[in-house]
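See below for the structure under consideration.
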Amino acid sequence: MWFLGRDMASLLRVVILLSIACWNVDASYELAARFEWKQVDFDYPNETVRAEAIKNGEFIPRNNVPLGVERWRNKLFVTIPRWKIGTAATLTYIDLNTQEKSPKLRPYPNWDAHKIQENNGVAKITSVFRLHVDVCDRLWLLDTGLNGILDKKEQLYDPKIQVYDLNTDRLVREYTLPKDVIRDNSFFANIIADVNKNDCEGAFAYVADLESNALIVYDMQHGDSYRITHHFFNFDPLSGDYNVGGVNFQWTDGVFGLALSPLQKDGFRTLYFHPLSTTHEFAVSTRIIRNKTIASNSYHEYKVLGSRGPNTQSLGSSIDEATGVLLYTLLHRNGIGCWNINNPEYSADTNAVLASNNETMIYPNDLKVDKNGILWVLTDKLSFFIFKELNYNEVNFRIFDVPVKDIVKGTVCDENRVVAREKYLEEPVEFQEGQINRPRWQNRPLSPAAPLGKIPLERQTPLFRGHYFSSHPWMWFRGRDMASLLRVVILLSIACWNVDASYELAARFEWKQVDFDYPNETVRAEAVKNGEFIPRNNAPLGVERWRNKLFVTIPRLKIGTAATLAYIDLNTQEKSPKLKPYPNWDAHTIRENNGVAKITSVYRLHVDVCDRLWLLDTGINGILDKNEKLYDPKIQVYDLNTDRLVREYTLPKDVIRDNSLFVNVIADVNRNDCEGAFAYVADLGSNALIVCDMQHGDSYRITHHFFNFDPLSGDYNIGGDNFQWPSGIFGLALSPLQKDGFRTLYFHPMSSTHEFAVSTRIIRNKTIASNSYHEYKVLGSRGPNAQSLGSSIDEATGVLLYTLHNKNAIGCWNIYNPEYSADTNAVLARNDETMNFPTDLKVDKNGILWVLTDKLRLFGLNKLNYNEVNFRIFDVPVKDIVKGTVCDETRVVAEAKYLDQPVEFQQGQINRPPWQNRPLSPAAPWEKIPLERQTPLFRGHFLPSHPWVRQWM
């Protein structure tokens, strides 16, 4: 117990701290609609013209949905993207002098700009989503050029930026985006202009490409543009599931919300941004993104501010410069939220929900703060329009307005409250490396929290020195006794408790450089001479064991790989044995097979219960240098008893994408039905799972959000080398066969700290595999820096083992355990020298764990030192390495014995054996656990057993 020997006052401080840290007050501001419509209509010259437009299909009222809003003086601009044909005008305005509640929209700048038929089939303005008015009285828009996005989908011209002088209503600048910044799936839904009042011509515009996850920067003065990519522009796989107004849907939309801070001392601003499908906010200085040379090559200049909390996905955002309040829509909550950029912390506690209404604010699509500090919000029930149908007998579209100061008053965003907190700060927080020069109220790092060590002691409350938190009007524990407080503290201590084993693995095999078992030295010398074998270009990557053969793969990452599939005779006593090609040399020699090897490049392997070896041959030679595709990827199956190829299946074109990279395969086989096998192939490049039905010679492609990488987990530091990889689905492991005849597939992307699962009942059904979103479950997170490559299950103990390449370690979790978290996972072995970059592991049929480490990153950079050991293979019994950890089966069973009855199934859950009777979710439904299993310490929460817990009860 970390608090043993401390007094009750210390415990009291901790409990108070925890109460306050969870405290936040949201305003209950009830917005009143300034304008509202059941259906929007337009201000035609007369009824005859309107009737003619309806007759010829130029105007189909039900196909017009307002989306974007912006205000300039007495004009309130409203956009109506051409979702479907029949949109009368895509850019309109309302005269704010009107007294009408449902005014007709006036086309801007005039009707002629919007009529497709009268402009040779091309409107001057086709489809606009969002707008921006700059300090030079100019209106900026991005015209997608796309007519009928949801039906006709006709690209009339390439996307273009248009700038209008609002004083004259004249188009003063038009710039068509060049081909090199556009992708096939580009979708431009937002634009913001970065303009200095003293230099109107030196403007920049930033355009969000939410589909191809990029930011387009337009340099107006030089007529140039370029494309920026960054991990933070991508969606969060855990935040793409929506339920808005009772409509459930999934979106993978990337960078969307854009907001600019006031001009700073260094002459630049901060761009605050977020993808639609995320709960995080990010920031970067415009000093970075306005520099074409470094914009995409300054990874760490882009900062994670923090998370707003669960279900806080947001579309548009806007900053009120007078107060520093960043306002944003809250799609999931049918509301709007805020954070003050003066605040050194970004979290759920420092953000507030200002207004929310599940009737009048369904789908808040856009908001803007005008120059007078008035917030304008547009809601449009877009989810109904796209996925269901609008009811045109009720109000569907609303525009609200409210002064920012009024709606944030008394909340955590109130500038008076923020300034009151800031007055204790005697000196600016020191800058982080590369941080921009900011005014005093912004002197803080672009990170989730300020470095508390720089906050003066007097600012830290005496309650708990070293931690900064808000004041609170009352203490929630008043009237409770010390025993209650003690129980909470014990709970918190145990919840954070985990024991990792310090198991020191000894290498069974190791090499400075791998070599191959050539027939003789003459043949080897000839292979080296003609470039068939370049020793330094051979790096082992995958491992698998069958009887006395230990298979090792050597992908053709570079030319000069002698053989991509080899094995070691486990009867050898050599520490650095030469690798023997499998099944023979002929299968790997490209020159003797008319330039095509029978096996070209293999990453990982799987041995099934029918004594067959499964592999996925990518068909690519020299992926890091020559990058020569010899043939389409294919699955090969070898009979290990005869070493003969018994099945070969080439993946069809329809399951392959240009960026596909197949790095893992696992076979789902029943010993009683060897021919009825399925194979699952991970495509980490295009984020998909390929399912191959071997019996019927069929295959299909499955996509799911959970196959994508986590934008916050793509930054690595291994052996002092920093790099970024946005790699998707990678690790695959199958549970034992279950009562319903299926298994659970456990999987994870490489760049993620989460584990996921799905029943093979789902993925083996071609009809529902990609259309059963909620059948794919989030088990939980392993904790920070716990990205993983390969994984494997020991069926005898239920232990799921996995590599931890960011920690140079291996970890575990027991699938018997109803909880998946950092506390129920353990690091079993770790060594920054001998385990540098563990790339693969497998548990064989005897319960022996095999681990291969290969310093792969250094290999790719040509930085390996061949005077030292670079490649190692370790072996250890699973029972030995997990003994005493949270993965130990005896410990898990001991905790499970308190469960009198199986936890009830969730809807759609597979039929599992008793030890697996739990939902595929981050935690079991605790309300189903018998009361006697719940410790008296904290009813309703399951705690791991601990030898000294009971004495504190």
Worksheet item: Yes or no on side-chain hydrogen bond (donor to acceptor under 3.5 Å, both in side chains) for Thr753 and Ser781, after CA distance, side-chain angles and deciding distance?
Response: CA-CA 5 Å; Thr753 63; Ser781 172; 3.1 Å; yes

Worksheet item: Within 45° of the ring axis of Phe859 and under 6.0 Å from its six-membered ring centre, is that where the NZ or CZ of Lys863 lies?
Response: no

Worksheet item: Of Leu661, Val663, Leu684, which meets side chain to side chain contact (heavy atoms under 4.5 Å, CB included) against Ser727?
Response: Leu684

Worksheet item: When rounded to the nearest 0.5 angstrom, what is the spacing between CD in Gln513 and CD1 in Ile534?
Response: 11.5 Å

Worksheet item: After noting the C-alpha distance and the side-chain angles of Arg657 and Asp683, does the key distance pass the salt bridge (Lys or Arg N to Asp or Glu O under 4.0 Å) rule?
Response: CA-CA 9 Å; Arg657 298 296 180 267; Asp683 183 353; over 6 Å; no

Practice prompt. Count the heavy atoms belonging to other residues, nucleotides or ligands that lie under 6.0 Å from CG of Asn571, then report whether that count exceeds 12.
Written response: yes

Discussion item. Evaluate Trp511 against Asn870 for side-chain hydrogen bond (donor to acceptor under 3.5 Å, both in side chains), listing each step before the verdict.
Written reply: CA-CA 6 Å; Trp511 301 264; Asn870 292 301; over 6 Å; no

Discussion item. Checking Lys807 against Asp832 for the salt bridge (Lys or Arg N to Asp or Glu O under 4.0 Å) test, could you report, in this order, the C-alpha distance in whole Å, the side-chain angles of both residues, the deciding distance, and whether it holds?
Written reply: CA-CA 8 Å; Lys807 296 185 177 183; Asp832 290 334; over 6 Å; no

Worksheet item: Looking only at atom types and distance, does a side-chain atom of His696 sit under 3.5 Å from a main-chain N or O of Gly676, one as donor and one as acceptor?
Response: no

Worksheet item: Between Phe551 and Tyr582, what is the ring plane arrangement, given parallel below 30°, perpendicular above 60°, and tilted in between?
Response: perpendicular

Worksheet entry | Ring geometry between Phe707 and His704 (parallel below 30°, tilted from 30 to 60°, perpendicular above 60°) | tilted

Worksheet item: Which of these passes side chain to side chain donor-acceptor pair (under 3.5 Å) with Asn687: Asn708, Thr703, Asn659?
Response: Asn708

Discussion item. Does the plane of the ring in His231 sit parallel, tilted or perpendicular to the ring in Phe709? Use 30° and 60° as the thresholds.
Written reply: perpendicular

Discussion item. Using 30° and 60° as the class boundaries, would you call the ring planes of Phe516 and Phe533 parallel, tilted or perpendicular?
Written reply: perpendicular

Practice prompt. Kindly check if the number of other-residue, nucleotide or ligand heavy atoms within 6.0 Å of CZ (Arg536) is above 12?
Written response: no

Discussion item. If you apply the rule salt bridge (Lys or Arg N to Asp or Glu O under 4.0 Å), what do you find for Asp515 with Arg524, and how did you get there?
Written reply: CA-CA 10 Å; Asp515 202 351; Arg524 182 185 185 279; 3.1 Å; yes

Fill in: Asn641 versus Arg547, side-chain donor and acceptor atoms under 3.5 Å
yes

Worksheet item: Can a salt bridge be assigned to the pair Lys512 and Glu868 using a cut-off of 4.0 Å between side-chain N and carboxylate O?
Response: no

Worksheet item: Among Thr803, Thr834, Thr853, Ile718, whose side chain to side chain contact (heavy atoms under 4.5 Å, CB included) with Asn808 holds?
Response: Ile718

Item to complete: Verify whether one side chain among Asn825 and Tyr802 offers a donor that lies under 3.5 Å from an acceptor in the other.
Response: yes

Worksheet item: Are Arg545 and Tyr567 in a cation-pi contact, defined as NZ or CZ under 6.0 Å from the six-membered ring centre and within 45° of the axis?
Response: no

Worksheet item: Do Tyr716 and Asn722 have side-chain atoms, one donor and one acceptor, less than 3.5 Å apart?
Response: no

Worksheet entry | Gap separating the CG atom of Asp854 from the CG atom of Asn836, nearest 0.5 angstrom | 8.5 Å

Worksheet item: Distance only, no hydrogens: is a donor on one side chain within 3.5 Å (strictly under) of an acceptor on the other, for Gln695 and Glu675?
Response: no

Fill in: Polar side chain donor-acceptor pair, Tyr503 to Arg830, under 3.5 angstrom
no

Discussion item. Taking the basic N atoms (NZ, or NE/NH1/NH2) and the acidic carboxylate oxygens, is any pair closer than 4.0 Å for Asp639 and Arg644?
Written reply: no

Item to complete: For a side chain to side chain donor-acceptor pair (under 3.5 Å) with Tyr631, tell me which candidate from Thr650, Thr600, Thr618 qualifies.
Response: Thr600

